[in-house]
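Here the structure is laid out as structure tokens; the discussion comes afterwards.
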Amino acid sequence: MAVARTSRVKPGASPAGEPRWLVPFVLACLFLLCALPLISLVKAGFAGLVSGNSIGVLTEPATYAAIRNTLLTATGGMLISVVIGALFAFSVSLTDIRGKLTLSFAFMLPMMIPPQVTALAWVEMTGPASPLLKTLGIAPPLGSPQPLYSLFGISVLLGVQHAPLVFLALKAGLAASPRDGVEAARLSGASPFRVFLDIVAPLAAPGLIAGAAIAFVSGVGNFGIPAILGIPAGISVLPTLIYTRLASFGSGTFGEIALLSSLIAAIAAAGLILQQRALSGRDYRIIGLSGANAAFSLGRFRVAVELGLAAILFLVLVAPLAALIASSLVPAYGVPLNWQTMSLRAYEEILFRQTMTLSAFTNSLFLASSAALGLLVVALPAAYLMNRRKGVLANTLGILIEIPYALPGIVLAVAFILTFAAPLPILNVSLYGTIWIILIAYFSSFLAVNLKPVMSAFLQMDPSLEEAARLSGAGFFRRMRDVILPLVAPAAGASIILVFLIATNELTVSALLWSAGTQTLGVAIFNLDDSGSSDLASALSVLVVVMVMALMAALETLANYLPEGVLPWRN
Amino acid sequence: MAQLILNHLTKDFGGGRPAVSDVSLTVREGGFLALLGPSGCGKTTVLRMIAGFEQPTDGSIDYGERRLSDAARALPPEKRNMAMVFQSYALWPHMTVAENVGYPLKVRGISGETWRRKVGEALALVKLTDYAERRPAALSGGQRQRVALARCLVTSPDVVLLDEPLANLDQHLRKSMEETFRIFHERSGATMIYVTHDQSEAMALATDVAVMSEGRLVQMAPPAEIYARPEGAVVGGLIGRGSILKLPVAEHAPRALGWPRLRDAIGSAGDGLRRDVLVRPEHVRLDAEGIPLEVKACVYEGERFALTLVLPDSQALKAYGDRAIPVGQKANFSISSGWRL
Amino acid sequence: MAQLILNHLTKDFGGGRPAVSDVSLTVREGGFLALLGPSGCGKTTVLRMIAGFEQPTDGSIDYGERRLSDAARALPPEKRNMAMVFQSYALWPHMTVAENVGYPLKVRGISGETWRRKVGEALALVKLTDYAERRPAALSGGQRQRVALARCLVTSPDVVLLDEPLANLDQHLRKSMEETFRIFHERSGATMIYVTHDQSEAMALATDVAVMSEGRLVQMAPPAEIYARPEGAVVGGLIGRGSILKLPVAEHAPRALGWPRLRDAIGSAGDGLRRDVLVRPEHVRLDAEGIPLEVKACVYEGERFALTLVLPDSQALKAYGDRAIPVGQKANFSISSGWRL
Amino acid sequence: ESLVLYTSQPNEDAQATVDAFKAANPGVEVEWVREGTTKLMAKLMAEIEAGNPVADVLLIADTVTMQRLKEAGQLLAYKSPEAASYDAALYDADGAYYSTKMITTGIIYNTSAPAKPAGWQDLAKADAKGLVTMPSPLTSGAALIHAQTLAGIDGLGWDYYKALAENGATAAGGNGGVLKAVATGEKAYGMIVDFMAIREKAKGAPVEFVFPAEGVSAVTEPVGILKTAKNPDAAKKFVDFLISEEGQKTAVKMGYIPARNGVALPEGYPSRETIKVLPIDAAAAVKNSDADLKIFSGIFGTN
Ligand SMILES: Nc1ncnc2c1ncn2[C@@H]1O[C@H](COP(=O)(O)OP(=O)(O)OP(=O)(O)O)[C@@H](O)[C@H]1O
Ligand SMILES: Nc1ncnc2c1ncn2[C@@H]1O[C@H](COP(=O)(O)OP(=O)(O)OP(=O)(O)O)[C@@H](O)[C@H]1O
Ligand SMILES: [Mg+2]
Ligand SMILES: [Mg+2]
């Protein structure tokens, strides 16, 4: 009830528009999904602290190096994501380039390709064995140092991996840019570029900042990329440091990972506070009608922009995908692909022999779609509430939501095991070992992803639209369904797709939480690869990409029956 | 139906002067209140508090026995059975015109044939029958305003709040909408509160006129009274197109001043305390017996010419004329009545 | 400065009737054109085509020798040196009032002291000096409109497009803004095109009035002429508050009709072809010599009463009265002039 | 009866092992979870912390981890009748765990490499500068044992690792990473577990595997039963099967060196006598593992 009081004191606050249960509901969800696992972790960590001398981890130089590297790579990755993602989002939603549908559709796929594959593809493309460089005769000698094994390389890969997040967060917001505002600026004499800088970009700022924040937080928590590119170069970041601590399990380990995790949480929180600073004191509400899209004509630059976008797509999508396909067709690493070596054996094995394939597909599809759709039930009320009740509480909740996403999956998974391994009180059933614990962990981990675009959509909405609905007599649910949902539909659509794509490939959370029968695709691919069956792993990855493309294509054919704007690759 | 009572209503947005301060008024059962006042004086804010979108920082709002809002609690808008035309229209961009208009009905569980009939009637009322299937984005400004209007009148609300509902309509549509309001008001008996800048509209429709200025209620009275006997310079200046002259009038003089007194006051030298006297242009007449005044401006208004005259002590006086008088020329005018503010 | 020429201008949004069809008109150098017409007749669309936001589907727009738009090509809006007040204001929510107003200056590379001075002047003009640091969301409707106005007048555009710029302002502010337009127009010599629903505004300011209806241009003439000699029922009905009577008038009769002719026509039985005759309420007078007419409605308008009278053949006639006449009572009226449409 | 197995064996091997066990013991259902040793331990420790460990049997890469669990009192002592056919060094005297196979770490090289290494020292030579990679002990249990083993040998020791580091060698993630790096030509030489390289070569990858002259380190993939096992009987059957002759033949079929005496080696390996396995003291290794990790980190950077 502290909530209600703060809002009343605040000038300009309108009478609470939500039902009485909403605040408790949101708080309960957030407690269950975000706070409870963290509490378990801290509790175990505390015990570890007492028993071992894990506090020493804070004084080790390795920890400081890891903090510095984490900050550098996350920031670098964020910048690259923002540049690439914003370039795509702006070109696709505001200019007259051709093939928008294809470009947006394709730009979402890099998230589906496991980062290690992209890394490997790039390493191969630029390395001694590069077929391309070999043909050109400029392949570096065997064993030449790989430029990607560096802070820069990690940043670039993080940037590529998370660019679709920025793209989707931004695109939903751009859909609401007001046409007359753009026109007024042009009539003021501003060139299209100027209009873009002065009007479109600031109005799209909530989306852009949300995208940047999500890219930063994703970079802080990413394990896969620094593991592949950093470890060979002796560069460690906090998630890989945590991983190596886990390797030497001892009495103080929980203490150490709790400490290191709180460092990650602190960095993520700092980033988010920066984000809230950037957004606060600004008003992005569109007054009156909006929605008509502003098209900038690129004129003679159009071809250049189109080529640039295609080149980026080649680097982030086509090349890794080609590498993936190539390695699924040959039996082992290093075997050149030609008519003799090529075979479909791996696909045959995956599709017809491995029993786990089918169950991994079903599990991942179930988990990804339930998480994507189910999260809206939490994210929508939470975004609604946090937008209405701006202030300290909302900001704190915002950060709390973000932390599970920032933590490396393995830490979150450990936290969930600690919380749920014992049978639930009263009900006396154990979630552990069932698919449900993975689902709850996904809810916890991806709430932040789901919330971001929806939040920025709320920020832009003209409040009188909801007021008009209230005066029409529509209660909370009613106006949610009839007015608010359709208005935030583009953002909600982006959220659903985002979570679905990430969850389909998710690895580290489910890696510790799966058990017989609840294997996920990410785990299956990783295990195949880890145990030397690179051909099977690649084949399965290719199949996953194909499946996702098929699903997206299916949605595309249904586009006319879906609410306007929910498919994020459409305009 | 019941009285709507605003009791020491105050709203402070937190920046300097409160937007609304200490407004107390009672709208009689089924009354039609016109709310006038200069731009930014707090009219919209009062409406928003009545509708329940803003909570008063002080004071209260009651409807009959029922407390609607005070600084501590507020009945949510959806429970108030009110309707409002927003100054910014607030149409839902994702719904067609018919869906926008029919939404309050849908919420009340009305559907099928009844729904179609009622929506059809409301659209016919605002002459938008042909536009039922359009989206708001493909409408002209006035058409949007009419959709908002139709949405407001489609149900049977207890209180109807109209925030400049006719600002974007031409005169004829305006007249016919006024007629619609009048009929709606008579038929439904709803309490209506009407914010407008057009005084003839306000005068024609309202049972009471309230004038606000800088967040405060300055005067509230029936239309004829507020026009004839305004209190203070704010109301005097706002209602009608009168000129406020500073004239030396005795304190014990009656408030309504005739030509002899006015002539004396205008003629007399600058001695004595000068008081505000309101002179309406329709009371200034070309009159051979009058005093000669110079014409400073003469503007064609279609129906007539709006003249600006200069008094000997160079105060400006507005008048109407049937024909143009060249600027700079003198003519004799008399003033049939004035009102000491 | 040059002439603005619209040449067979047409815009079809693709749904039924074109929004604008075949409009040809020339705005004289430095002219002030008022564009009138019922809601949805295409006024905003014409302005948007002149500004360059919409491309005509047919016809062309020239400014002097320069082709601005035709169906094939269009000069982008930022190259036109025009300014516009949008019906929806189109303020930028992320900028303060001062930034909104100063943006066109900033784009032209003006900054520092000059910028501050010019913005300050523009804000003073619309009486918003105190609100310079607010954001649009914290302004009232009228204040928003005034910001849009200040932004429009801050530079020296060749053409100024005003789309209902005063719709949300009270009478007094309106008058002072009109004055501002007049001064701005005189000083800058810019061509101004003014869309409004308020005729007295249009009459007072414009050098020419153009009336549109259903996308077509119906008449264009100087204000006094269009008021006195409207062509056809649309213009007659739209300009002023006249009544259009169907009276049996001979074809060869003069268009301006005096009382004798009108009395005969009103008195005569229903024989002969009936023609539209426009009668302005200010020409209907209480007159002992007149014919007795029943008062059907009497509405207080502040300054006067608006009467609706009934002719013997039950047509309605509007008139003004200085005092209320009870509804149902008869009184003698004469009509000093009428105009055959 | 049912059994929960946590194993770090590769997927296909885990499946084959379980299938063979089920064929031999009809009626026992086996649920298995496969992860890298580190993740598996994280999972297990969290379960134990929460008071509800799920696994019955543990089949993981190295003895050191088993020893650590034993010392923490998590393992059930079970004296298997099959133990008689094993070297005493290959099982815990208290019966807490039994080695099931030998996985040795040797040298892999790309067939286009400039030289053919024959021993560990060749990797520290100038012509291998910048071309060597190895798994990191921080990621792989086998790699830790390997490092500890080499560090304890006269003539190699930590000095050998220092020389490697100076020669530009890197310590990549796990054995899989080393295989990729060498097979794709990113590096020319690597340290790797035997079966991975030999299998990959059989599939056609351009790599060769050498058992270095100085000897190889070995992990023995021990199996142990958790004290908290809910199905101790089935667990015991599982242990018996793995170290039985039949179980060992299954391992051979998968391409591993069997631990049991008298079982023939798989295709592609030299004869057992020519493989010199370097000794290691499991108990000492446990005690020193933290310190050794720090030393290793000190040499190869912070990872
Ligand atoms: N984007 C659009 N798509 C389709 N029809 C449109 C669009 N914009 C306007 N129209 C239609 O074109 C006609 C003219 O519209 P316009 O906005 O020019 O009217 P207006 O004269 O400005 O009216 P008002 O006085 O009500 O603002 C209207 O009937 C309107 O419904
Ligand atoms: N959200 C807000 N925050 C701060 N000040 C506000 C806010 N909304 C309105 N105000 C201020 O409160 C005052 C009253 O505003 P209100 O909208 O009630 O005026 P109004 O009488 O409706 O004016 P208009 O006729 O121009 O629409 C104005 O000075 C306005 O600037
Ligand atoms: Mg207002
Ligand atoms: Mg318009």
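What you see is a predicted model; the values in this text were computed from it and never measured. Each chain gets a letter, A, B and so on, in the order its sequence line appears, and its residues count up from 1.
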Looking at [options], which one has more heavy-atom pairs under 4.5 Å with chain C than the rest?
| options | result |
| --- | --- |
| B/His283, B/Lys43, B/Arg241, B/Lys175 | B/Arg241 |
| B/Ser39, B/Gly141, B/Ser140, B/Ala19 | B/Ser39 |
| B/Arg174, B/Arg280, B/Gln143 | B/Gln143 |

- request: Let me know if B/Tyr131 has heavy atoms under 4.5 Å from chain C in its side chain, its backbone, both or neither.
  value: side chain
Please round to the nearest 0.5 Å and tell me the distance separating atom [atom1] of [X] and atom [atom2] of [Y].
| X | Y | atom1 | atom2 | answer |
| --- | --- | --- | --- | --- |
| B/Thr44 | C/Leu139 | OG1 | CG | 11.5 Å |
| B/Tyr320 | C/Glu282 | OH | CD | 12.5 Å |
| B/Tyr227 | C/Arg304 | OH | CZ | 9.0 Å |
| C/Glu303 | B/Ile239 | CD | CD1 | 13.0 Å |

Sort [X] into side chain, backbone, both or neither according to what part of it lies under 4.5 angstrom from a heavy atom of chain B.
| X | result |
| --- | --- |
| C/Arg48 | neither |
| C/Ile226 | neither |
| C/Phe13 | neither |

message: Quick check on the interface: out of C/Leu238, C/Leu173, C/Thr196, C/Leu166, who has the most heavy-atom pairs with chain B under 4.5 Å?
response: C/Leu238
task: Pick whichever of C/Gly37, C/Pro281, C/Ala204 has the most heavy-atom pairs under 4.5 Å with chain B.
output: C/Ala204
- request: Go through B/Arg182 and C/Val299 one step at a time and tell me if the side chain to side chain contact (heavy atoms under 4.5 Å, CB included) criterion holds.
  value: CA-CA 12 Å; B/Arg182 201 194 304 281; C/Val299 176; 4.0 Å; yes
